[in-house]
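Encoded as structure tokens, the structure appears first; notes follow it.
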Amino acid sequence: MTYATDDLYDEVAYIAYHFHWDMDSILDLEHPERRRYVDQIARLNRLAGGR
């Protein structure tokens with residue numbers, strides 16, 4: 001099973017925007033690890049926003 005290209009681009013952009021990592025570093029992550037970073041960023045954003 002392949003991961004949807006649009007979803008992959010969304011994850012890469014989200015992590016790059018918040019952590020300022022380069023694309024190659026993000027793409028080197030395994031999918032579960034990349035999803036964990038996405039989830040963690042979202043959680044931190046919610047906490048910062050008071051929600």
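It should be emphasised that the depicted structure is a prediction, and the values quoted were computed from it without experimental measurement.
- Leu8 and Leu27 get closest at one heavy-atom pair: CD1-CD2, 4.0 Å.
- Residue Met23 holds its CE atom at 6.5 Å from OH of Tyr9, rounded to the nearest 0.5 Å.
- Side chains of Ser25 and Asp22: a donor on one and an acceptor on the other come within 3.5 Å.
- Applying the salt bridge (charged side-chain N to carboxylate O under 4.0 Å, His left out) criterion to Arg35, with sequence neighbours excluded, gives Glu11, Asp39.
- Note that CD of Glu33 is 9.0 Å distant from CD1 of Ile15, once rounded to the nearest 0.5 Å.
- Note on Leu44: it does not cluster hydrophobically with Ile41, by side-chain heavy-atom contacts below 4.5 Å among ILVMFWY residues.
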Quick one: do Leu29 and Arg36 satisfy side-chain contact (heavy atoms from CB on, under 4.5 Å)? Show the steps, please.
CA-CA 10 Å; Leu29 299 171; Arg36 187 171 181 177; over 6 Å; no
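- Heavy atoms of other residues, nucleotides or ligands lying less than 6.0 angstrom from CZ of Phe19 number more than 12.
- Taking each heavy atom of Trp21 and Ala16 in turn, the nearest pair found is O-CB, 3.6 Å.
- For Asp6, there are no salt bridge (charged side-chain N to carboxylate O under 4.0 Å, His left out) partners two or more places apart in sequence or in a different chain.
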